[in-house]
Protein chains: 2
Amino acid sequence: MARRKDHTHDEIRSLALEAMQQHLQQQPADTMSLRKLAQAIGYSPATLINVFGSYDHLLLSVSAITLDRLAQQLAHHAATELSPLQRLHSFGKTYLQFARQNPYCWQLLFEHRLPDGDEIPDWQQQRIDQLFAIIEQALAELSPDAENVRQAARTIWASVHGICTLSLNDKLFADHLSNADSMIESLIHHYINSWSR
Amino acid sequence: MARRKDHTHDEIRSLALEAMQQHLQQQPADTMSLRKLAQAIGYSPATLINVFGSYDHLLLSVSAITLDRLAQQLAHHAATELSPLQRLHSFGKTYLQFARQNPYCWQLLFEHRLPDGDEIPDWQQQRIDQLFAIIEQALAELSPDAENVRQAARTIWASVHGICTLSLNDKLFADHLSNADSMIESLIHHYINSWSR
DNA sequence: ACCTGAACACCGTTCAAGT
DNA sequence: ACCTGAACACCGTTCAAGT
């Protein structure tokens, strides 16, 4: 058949990741497949398996990019001239906004699991640690107790995350569509109000 | 081939749902399939499609049962002789415990989405409303403001849910394994502490 | 009327064979 | 060495044909 070899390994990587991300702007991950993706970039399914190891690892690479984009937006909106409390509210707002603007990337990031014994790579966890750092920094300015800060940061993140998840999946059963925003505000306001006392 | 007809429609329903639930005690939903399930109960895949409409609707029926089991446990542990605050803590604790004891049922319940335009049936939403009622009842005893109660109930539920989700998926990156418990306690304590003031 | 075998249009992955 | 066609072992769903 037609030999390709027009691209290096890394170029094929980029082509595939780009095509997948473009798909995720419109449709959920499970409407794409290795075969469709391969056809979209003009290579065979087997080539993509060669490059990424498996379709699951291809999806994991997309999630890594999503995590980077999320981290970038969060860092950008948490400008240090804001007060700690303002930064926390900004974190929640930006997190929800990102989830809304990238629903299918976001779903993939948090719902895709590697099969069986495959472990989440270290570089993926390091990315998450960076997100926690934003919250922890703000909290540290509100309370000196380090261990408390670790737990409070995780509690706030997970709570904000839960509100976003259920909001995206329409499982909040709230009256107004915009309720997730005020729920996050309410959460951060009340939690910090008591926690930082 | 061998005619079955040994069972009524409803009996086939039960057989399939039972077999799926048994599978979910050990393995995630995506390791089962319509074909395997059909074979497990001695019918053809097409029969299950006849009975449930589609494999997706079969999975939805399993989730309905899961939701009922969850509601039952929550109601059981929220005995009215406890104080409102105690009942809220009991809710969080029971919710996490259920998620831990039924990880694959729980994942299916919250991650499975019907394709495209299929709406979540009314009877499923009614089940969720019952869960909110438990929280709302406790909150109502702490504050008279009805609209506030609705939002606070949803905020607390979604937050507890988020902590459970991330804990189950090992995405909390916490030091101790038992941290989800104390995070939920922290969340409810601080939120209510400020909210009910 | 109820059930299903066979067909249909797909999957991800492997690997011998081609260039 | 790099890539892939074809094969393998699966999917969910449909429907004509059997009882």
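Per chain, numbering begins at 1; letters A, B, ... match sequence-line order. Source: prediction; values computed, not measured.
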Practice problem: Measure from the side-chain heavy atoms of B:A46 and tell me the nearest of D:dT13, C:dC3, D:dC15. | Solution: D:dC15

Quiz prompt | Euclidean distance, atom CD of residue A:E11 to atom C1' of D:dC2 [Å, nearest integer] | solution = 15 Å

Practice problem: Kindly say whether A:L139 contributes a backbone atom to a donor-acceptor pair with the side chain of A:S143 at under 3.5 angstrom? | Solution: no

Self-check item: Residues from residues 52-62 of chain B lying under 4.0 Å of DNA chain D - heavy atoms
Solution: B:S54, B:Y55

Exercise. Using the salt bridge (charged side-chain N to carboxylate O under 4.0 Å, His left out) rule, collect all pairs that involve residues 70-87 of chain B, keeping only residues at least two apart or in two chains.
Key: B:R87-B:E141

Quiz prompt | Non-neighbouring partners of A:E11 that pass side chain to side chain contact (heavy atoms under 4.5 Å, CB included), sequence neighbours left out | solution = A:H7, A:T8

Quiz item: With sequence neighbours left out, which residue pairs that include part of residues 26-39 of chain B fulfil the salt bridge (charged side-chain N to carboxylate O under 4.0 Å, His left out) condition?
Solution: none

Exercise. Would you mind reading off the distance between B:I41 atom CD1 and C:dC3 atom C1', rounded to a whole angstrom?
Key: 13 Å

Quiz prompt | With sequence neighbours excluded, residues passing side chain to side chain contact (heavy atoms under 4.5 Å, CB included) with A:I49 | solution = A:L34

Quiz item: Who are the salt bridge (Lys or Arg N to Asp or Glu O under 4.0 Å) partners of A:R113, not counting sequence neighbours?
Solution: B:E111

Quiz item: In residues 24-39 of chain A, what residues come within less than 4.0 Å of DNA chain C, judged by heavy atoms?
Solution: A:S33, A:L34, A:R35, A:K36

Quiz item: With sequence neighbours excluded, what pairs up with B:D56 under the salt bridge (Lys or Arg N to Asp or Glu O under 4.0 Å) test?
Solution: none

Quiz item: Counting a pair only when it is Watson-Crick or G-U and both distances are under 3.5 Å, which runs of at least 3 such pairs involve DNA chain D?
Solution: C:4-8 with D:12-16, C:12-16 with D:4-8

Practice problem: Tell me, please, which residues at least two apart from B:Y104 pass ring-ring contact (aromatic ring centres under 6.0 Å, His included). | Solution: none

Exercise. Could you pull out all residues at least two apart from A:N50 that satisfy side chain to side chain contact (heavy atoms under 4.5 Å, CB included)?
Key: none

Practice problem: Using the test salt bridge (Lys or Arg N to Asp or Glu O under 4.0 Å), find all partners of B:E18 that sit at least two apart in sequence or belong to another chain. | Solution: none

Quiz item: Nearest to the side chain of A:I49 - C:dG12, D:dT4, C:dC3?
Solution: C:dG12

